[in-house]
Protein chains: 2
Amino acid sequence: MARRNDHTREEIQGMAIDATRTLIATEGLEGVSARKVAQQIGYTVGTLYQNFENIHELILHANAFSLTQLLAALEQAYHQESKPMQRIIRIANTYLDFGQMHEKQWAAIFRHTLPQGFVMPDWYQARIDALFSLIERAVWELAPGRDKKQIQLASRTLWSSVHGICILNIGNKLYSDNIATPQTLMQSLVTHYLNAWVREGSKA
Amino acid sequence: MARRNDHTREEIQGMAIDATRTLIATEGLEGVSARKVAQQIGYTVGTLYQNFENIHELILHANAFSLTQLLAALEQAYHQESKPMQRIIRIANTYLDFGQMHEKQWAAIFRHTLPQGFVMPDWYQARIDALFSLIERAVWELAPGRDKKQIQLASRTLWSSVHGICILNIGNKLYSDNIATPQTLMQSLVTHYLNAWVREGSKA
DNA sequence: ACCTGAACACCGTTCAAGT
DNA sequence: ACCTGAACACCGTTCAAGT
């Protein structure tokens with residue numbers, strides 16, 4: 001054994017991230033373990049730890065992949081509507097759909113927490129920022145005349161709320177369906193919040 | 001050893017739940033383990049498993065305790081305001097404060113997931129239901145004339161959103177503070193959403 | 001330089017054996 | 001009946017030893 005040199009560092013890292021993504025998609029975040037990943041790529045845990053600092057870095061890479069997919073879906077949604085309000089609704093529903101379609105991956109993104117002392121890498125934070133930028137841009141187009149501060153406040157409020165509805169949707173699927181679909185809640189949130197917010201701005 | 005009979009079943013269970021609560025409060029949900037709990041109450045893991053089905057049941061009991069505290073705080077908030085809109089704002093801010101003050105406990109409630117196949121016990125679900133009932137009552141008082149269906153829809157939408165803001169607040173504490181405090185987001189959400197919702201109802 | 005395999009300190013859970 | 005302690009099958013992480 002030792003020194004097989006079958007794969008480059010980059011190849012091993014890519015294989016490990018892929019294996020982690022598969023584990024998340026099938027068994028969820030809790031199903032990920034260093035030993036399982038190692039076994040699936042045909043190396044031992046030792047090799048895994050020469051390519052990644054720890055298991056969290058590996059999960060972060062897998063989650064970053066999902067975030068990139070999510071961002072792509074949201075950007076597509078953005079370009080599919082031209083009216084500002086419809087655009088935001090479309091983006092919010094795409095967010096909801098993504099969570100519904102890729103439940104395990106979505107949950108892995110938002111359920112994974114770094115242990116104390118770990119800092120979120122820049123390349124990961126960049127993806128989160130890109131997500132918020134997209135929303136800010138869409139909200140700005142709805143009310144181009146307003147302060148940047150106000151746009152930021154509204155964007156954050158709106159998106160936290162959209163996120164909250166997605167979470168509730170994944171958690172208790174059963175008993176909210178009797179009352180209304182998550183799409184109905186989403187519609188209610190976005191239209192009511194933004195209508196009142198836009199109206200408030202036109203008073204000034 | 002064996003057959004000490006120092007404590008009744010109920011005493012052991014109470015001690016174990018208390019120990020779990022302490023572990024959550026100090027180390028967070030990830031810091032809980034059967035061995036730690038057992039050690040802290042002066043028994044072995046074996047005894048723990050004679051009193052609880054598994055570790056999840058233990059965590060559920062600890063979380064139920066937190067939920068009861070949260071519910072009490074929300075009910076107090078309810079009675080501290082008489083105007084319907086102010087009342088809802090007060091309840092939402094109390095929810096936010098509770099999450100901020102008891103961060104670990106709050107996170108434990110919403111981050112703990114039962115493994116597949118586990119059903120949430122009735123005594124636990126009852127506490128969640130009580131929480132939603134409180135909100136529904138408060139929303140109903142804001143618009144007593146509207147359909148029960150509409151009240152339920154608005155309550156769920158509003159509370160999912162409030163919850164979303166709390167989550168964002170706990171996750172990224174640092175960089176949202178430059179833009180606005182979570183209290184500002186909360187205020188923005190509740191007033192805008194409910195103003196538009198109330199206005200919509202008065203049109204009919 | 002690259003990779004392994006064993007080791008360490010942990011998990012959740014079970015259950016024969018002791019009193 | 002009650003409780004223990006060892007066992008089983010897992011974890012994340014490290015590192016001396018091999019090629």
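All chains are named by letter (A, B, ...) in the order of the sequence lines, taking the proteins before the strands, and each is independently numbered beginning at 1.
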Original post:
Given T68(B) and R127(B), is the side-chain hydrogen bond (donor to acceptor under 3.5 Å, both in side chains) satisfied, shown in steps?
Top reply: CA-CA 7 Å; T68(B) 303; R127(B) 282 172 172 81; 2.7 Å; yes
**OP:** With heavy atoms under 4.0 Å as the rule, sort I12(A) into base, sugar-phosphate or nothing.
**Re:** sugar-phosphate
Original post:
Quick one: is S33(A) getting a side-chain N or O under 4.0 Å of the dC11(D) phosphate, OP1 or OP2?
Top reply: yes
**OP:** Return yes when atom CG of D122(B) has more than 12 non-hydrogen atoms of other residues, nucleotides or ligands closer than 6.0 Å, and no otherwise.
**Re:** no
Original post:
Do the two ring centres, one from Y124(B) and one from H61(B), sit under 6.0 Å apart?
Top reply: no
**OP:** Give a yes/no on whether any side-chain N or O of Y49(B) is located under 4.0 angstrom from OP1 or OP2 of dT14(C).
**Re:** no
Original post:
Taking a pair as Watson-Crick or G-U wobble with both distances under 3.5 Å, which nucleotide is matched to dA1(C)?
Top reply: dT19(D)
Subject >> Nearest listed nucleotide, side chain of R35(B), among dT4(C), dG12(D), dC8(D) >> reply: dC8(D)
Subject >> Contact under 4.0 Å: T47(A) side-chain N or O vs dT4(C) OP1/OP2 >> reply: yes
**OP:** Compute the centroid of each ring, for W197(A) and then for H192(A), and state whether the two points are separated by less than 6.0 Å.
**Re:** no
Original post:
Between R4(A) and dT19(D), is there a side-chain N or O to OP1/OP2 distance below 4.0 Å?
Top reply: no
Original post:
With sugar-phosphate meaning primed atoms plus P, OP1 and OP2, does L48(A) contact a base, only sugar-phosphate, or nothing at under 4.0 Å between heavy atoms?
Top reply: nothing
Original post:
Whole-Å distance between dT14(D) P and E53(A) CD?
Top reply: 8 Å
